[in-house]
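These notes are about the structure you will find just below.
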Amino acid sequence: MFFSGDPTTRKRVDLGGRSSKERDRQKLLEQTRLERNRRLYLRRQNHAAIKIQVGFIEFEFEFEFNIHCYIAALHVYVMLFAFAQGAMIVLVGKKAMEIEHSKVREQFFATYGRHIQNVNRQCFGPQSAFFRQLFFFFNARNVSDISVLVETCRLMKHFVQESGDVVGLFAGIDYSSKRALVDFRVKKFAFACIQAVHQNRKELKDQLFVTPEESNTPPTLLLEAVVLLIDSRLPWTCKESMEIHSSYGRISSLERVLTLIIPHIGQKPCICPNIDPRWSFFSQILTIPFLWHLFPYIKEVFATGRTSQHYIHQMALCVQNHANVLPHEVSMELPGYACLLGNILETAGVALSQPDCSFEMGVDLAAITTFLLKALPPIKSSRESSMVSDDDMTAGDEVMELVINRDLEKQITSAIDSRFLLQLTNVLFSGIHLLRGPHDEGPGDKEVAAVGAACAFLHVAFNTLPLEHIMTVLAYRTELVQLLWHYMKRCHEIRKWPFLPYLSGDAPGWLLPLAVFCPVYKHMLTIVDNEEFYEQEKPLSLKDIRHLIVILREALWHLLWLNPTSHPNVGKSVSSPPANKMLPAEAIQHRVSTVASEVLSQATIDGTRANEILKQAPFLVPFTSRAKIFQLASVRQRHGSHGVFTRSRFRIRRDHILEDAYSQMSTMSEEDLRGAIRVTFVNELGVEEAGIDGGGIFKDFMENITRAAFDVQYGLFKETSDHLLYPNPGSGMIHEQHLQFFHFLGILLAKAMFEGILVDIPFATFFLSKLKRKYELHTIALAYCNEHYEADISELELYFVILNNEYGEQTEEELLPGGKNIRVTNENVITFIHLVSNHRLNFQIRQQSSHFLRGFQQLIQKDWINMFNEHELQLLISGSLDSLDFDDLRQNTNYVGGYHSEHYVIEMFWEVLKSFSLENQKKFLKAAGSASEEALDRLPTSATCMNLLKLPPYRSKEQMSTKLLYAINAEAGFDLS
């Protein structure tokens, strides 16, 4: 009832009662039918044996692929050209099939020998059963079968060398009559060789890169047989040829096979069918890490021919159709997408430099690199990494760990060099001119495509790659700024921004061009000097700059006010940009003025649109309004943390003002610092000075202590040639606790700003940047030298080292590892400038600046400081350095004690005040607001708590002028108040 496993057969009994004669006739008919079916099957096989495609045949199959096994990749790729049998399915039991294979194998060995020692030239011909039997039982995992196949390859090579006739070896005299059979056998032969190498790749891996001149190893013989069989001169192959130049040197057999395969791209003169992109050369081979290091000859073949254009276009179509064709990742450090990017970029420079490189090639290349770069984690240069040290980190800061291999990072960043950027922009913009006609209708389709491709690539590159690799080249070796400005200006004038396909459908057309234009233009401004900017009007004319400001205001107003739901930070992402509605400049200016009061009321509340504008685009709000917002925020903090009557009291010795203030203020909590501080001064005799501090004495205290603490003689600060202050890099050599003092000085400055007290401390701009936690590299003399020094910079004998000289102690530091042996040249001078600037402006004072910042932020939030640029910060600290507006002061002065605005003493007073020098006018304002009172000799006196000036009725301008000047310069204590 069930099969018992007994292979013996029982005697058949014909229950139909038919005679043996009838049974013999029926058997004959059955045999005839089977023979007819066999011939039909053979014809179908022969019909399916189409012209060989690169020596291989199409065959769809299931397989596993390991990206890091190079021969496995080869096997996958060539299997795309494997045999399409188109045969009927024969259901045969596995065990029965193995038995049949064993039978035929034994017959084969009996006829030809286990080492095919009985094989001659005729065995390769169409009449021989040699290949029919071999291909029937061949198993790529069977050692004896592999040995037979290797010996067959050796014999083929020998026979071909003897006669020089490959076709005759397989077809005999008449190839045309045996074409189908010969083609079928040749294809099976080539496929068996590839299959044998693939199935034994682990055992053969050490022999895969051996050249045929070096050794006749099994993989070499197998792969050389494939090379021989897919020669484009043979009648069964595709006529797409790729000649391997012997002048290149020795090439491994594996590389020779790949070299012959990759040009078959399915386009004339190639007749190969198109391949599923998932199994194509770019997805299975180009994703191998550092491919060109293994196959340098293939790199040359891929980069210089039309091959790269085809595969890059294939990849671009996959990106456009959102098709994921890359293999599964097997390594976090060497992901396939990053390896593909590195390999493409390494050959892109050569491909872009070819005379036949098309505009479409540039667009496709930009699209692919944009897509792959977006997946990379940000890569920082060593200089950028050193600009923020551990001392600069505050709570909440995180450092992103790079996950890709360092050598792979280097491959990618090195490839996007000045040559690549220059070539890419030239290919994209070569046919686009800056001049326009009288009836300009806006950019054409080609210009829009070029702008979109270039901006998408550069935007992603800015967020991913070290900027020094990009900015300088774009700014000074290309016309990118001029081209983008020309494009944006025309679009803005005609009020029509073309849609760019790299953004979502509702994104405004100005978003991406601005995201690229602005950082490059900003980089140019850091190096251009006043002569170039104002007189030569580089990089843009002053008229164009005014136009640019209008565009920027419109864009920011749109992002931050009209569309507040989207993230306002344009630089972060282009995946969810704002809506596509714009307002004219006049309308924006009107809206800014009408919502000024709303901004003032909402600006201090987190989450409001007004607050978001202050964070992202504060210059849209006038400085005076922002200053009022800052004052309002300070008042809210004071009243929110402390009751108005809670005060701290200081007892300060005038001759030890800094030490006393440090000891008392350093112990205060943040809440105490926000509260009121009342000061009692002690004179040099140890006696407390008379006077009640209603705020005026505290102002005097703040002015005196800041004058003492920030004095360069104290050693904590130094000054530039313009007498601007910055931390002394050698402060630790003077004060043992210098870092604690910097923390205290940060608190001190913050307290002055918090209370609205102006102090005369002119800071260097680069130090003020640190209050905003910015680490920009301001230009130094070498930047100017680079632009104007026409000779060879290497003649200056500069090296990547810097000499420090603090108080007679000289030290030498390398700017780069091995910097003392790296000479500064015209090629690396920009990097040298950046490193020197970073060392002087950031690294040397990083600890001092970090502690100062920590103290400062105890009272002043970073968001409120970021509302102001460095110049505006200085105004908040010290007030305006320009002439004082006494007309405004006169209009806002109240008079008591019999005085009025037209009183002769008052008229005389304002005339005298206007005649003072600017310095004395400042001293007067200081005396009226926070100086000591003088009661002797009927001098003018002041009530500092309420900005009250007590003015005696002088009879002449001369007397009034003398008395005023004496009073404001006396700087006496409060004993006589």
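Quick note: numbers below take in every heavy atom, side chains included, and nothing from hydrogens, waters or symmetry partners. On a predicted model such as this, the values are computed, not experimentally measured, just so you know.
- Looking at Leu873 and Lys772, their side chains come closer than 4.5 Å, going by heavy atoms from C-beta outward.
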| task | Please lay out, stage by stage, how Ser648 and Met668 fare under the test side chain to side chain contact (heavy atoms under 4.5 Å, CB included). | result | CA-CA 9 Å; Ser648 300; Met668 297 176 68; 3.5 Å; yes

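- Between Lys751 and Glu755 there is a salt bridge, with a side-chain nitrogen of the basic residue lying less than 4.0 Å from a carboxylate oxygen of the acidic one.
- Using cut-offs of 30° and 60° for the angle between ring planes, the Phe717 and Phe710 rings count as tilted.
- Put simply, the side chain of Gln874 gets close to the backbone of Ile761: a donor and an acceptor are under 3.5 Å apart.
- The two residues Asn728 and Gly715 have their closest heavy-atom pair at ND2-O, 3.0 Å.
- Applying the ring-ring contact (aromatic ring centres under 6.0 Å, His included) rule to Phe744 yields the partners Tyr662; only residues at least two apart in sequence or on another chain are considered.
- Side-chain contact check for Leu511 versus Trp497: every heavy-atom pair is 4.5 Å or farther apart.
- Between atom CZ of residue Phe856 and atom CE of residue Met753 there is a gap of 4.5 Å, rounded to the nearest 0.5 Å.
- Of all heavy-atom pairs spanning Met665 and Leu673, the tightest one is CG-CD2, 3.8 Å.
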| said: Could you walk me through whether Leu841 and Ser769 satisfy the side chain to side chain contact (heavy atoms under 4.5 Å, CB included) test, starting with their C-alpha distance in whole Å, then the side-chain angles of each, then the deciding distance to 0.1 Å, before giving a yes or no? | reply: CA-CA 10 Å; Leu841 306 182; Ser769 297; over 6 Å; no

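- Within the 4.5 Å cutoff, no side-chain heavy atoms of Leu548 are placed close to those of Asp544.
- Closest non-hydrogen pair, Val759 versus Ser878, comes out as O-OG, 2.7 Å.
- Taking each heavy atom of Met524 and Tyr476 in turn, the nearest pair found is O-OH, 3.4 Å.
- Side-chain polar atoms of Gln848 and Ser731 form a donor-acceptor pair below 3.5 angstrom.
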| task | Walk me through it: do Phe852 and Leu771 pass the test side chain to side chain contact (heavy atoms under 4.5 Å, CB included)? | result | CA-CA 9 Å; Phe852 189 95; Leu771 297 182; 3.8 Å; yes

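- Under the 4.5 Å side-chain criterion, counting only non-hydrogen atoms from C-beta, Val460 is not in contact with Leu376.
- Between Phe517 atom CZ and Leu483 atom CG the span is 11.0 Å, to the nearest 0.5 Å.
- If you check the side chains of Lys770 and Asn842, you find a donor sitting under 3.5 Å from an acceptor.
- Of the possible polar contacts, none joining the Asp722 side chain to the Leu724 backbone as a donor-acceptor pair under 3.5 Å is found.
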| task | For Ile830 and Ile833, run side chain to side chain contact (heavy atoms under 4.5 Å, CB included): C-alpha distance rounded to whole Å, both residues' side-chain angles, the deciding distance at 0.1 Å, then the answer. | result | CA-CA 5 Å; Ile830 293 296; Ile833 292 169; 4.2 Å; yes

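- In this structure, Asn804 and His839 have side chains that are in contact, with non-hydrogen atoms separated by less than 4.5 Å.
- The backbone N or O of Ala461 sits nowhere less than 3.5 Å from a side-chain atom of Thr464 that would complete a donor-acceptor pair.
- Nearest heavy atom pair, residue Ile705 against residue Ile657, reads N-CD1, 3.7 Å.
- The shortest distance between side-chain heavy atoms of Arg707 and Asp760 does not fall below 4.5 Å.
- Rounded to the nearest 0.5 Å, atoms CZ (Arg674) and CZ (Phe754) are 6.0 Å apart.
- Separation of atoms CD1 (Ile877) and CG (Leu768) is listed at 5.5 Å; rounding is to 0.5 Å.
- His735 and Phe741 have tilted rings, their planes meeting at an angle from 30° to 60° on a 0 to 90° scale.
- The heavy-atom pair separating Tyr521 from Pro539 by the smallest distance is CE1-CG, 3.2 Å.
- Residues Glu670 and Leu859 form no side-chain contact, since every pair of their non-hydrogen atoms from C-beta on lies 4.5 Å or further apart.
- Residues His743 and Gln858 have side chains that bring a donor and an acceptor to within less than 3.5 angstrom of each other.
- Between Phe698 and Phe650, the closest side-chain pair of non-hydrogen atoms is not below 4.5 Å.
- Ring orientation note: the planes of Trp485 and His547 are nearly perpendicular, at an angle over 60° on the 30°/60° scale.
- Because its NZ or CZ atom is both nearer than 6.0 Å to the ring centre of Phe843 and within 45° of the ring axis, Arg846 counts as a cation-pi partner of that residue.
- Between atom CZ of residue Phe630 and atom CD1 of residue Ile865 there is a gap of 5.0 Å, rounded to the nearest 0.5 Å.
- Counting only distance, with no hydrogens or angles, the side chain of Ser849 and the backbone of Ile845 share a donor-acceptor pair below 3.5 Å.
- The CD atom of Glu719 sits 12.5 Å away from the CZ atom of Phe763 when rounded to the nearest 0.5 Å.
- The side-chain contact (heavy atoms from CB on, under 4.5 Å) test with Phe701 singles out one residue from Thr706, Ile757, Ile677, Val679, and that residue is Val679.
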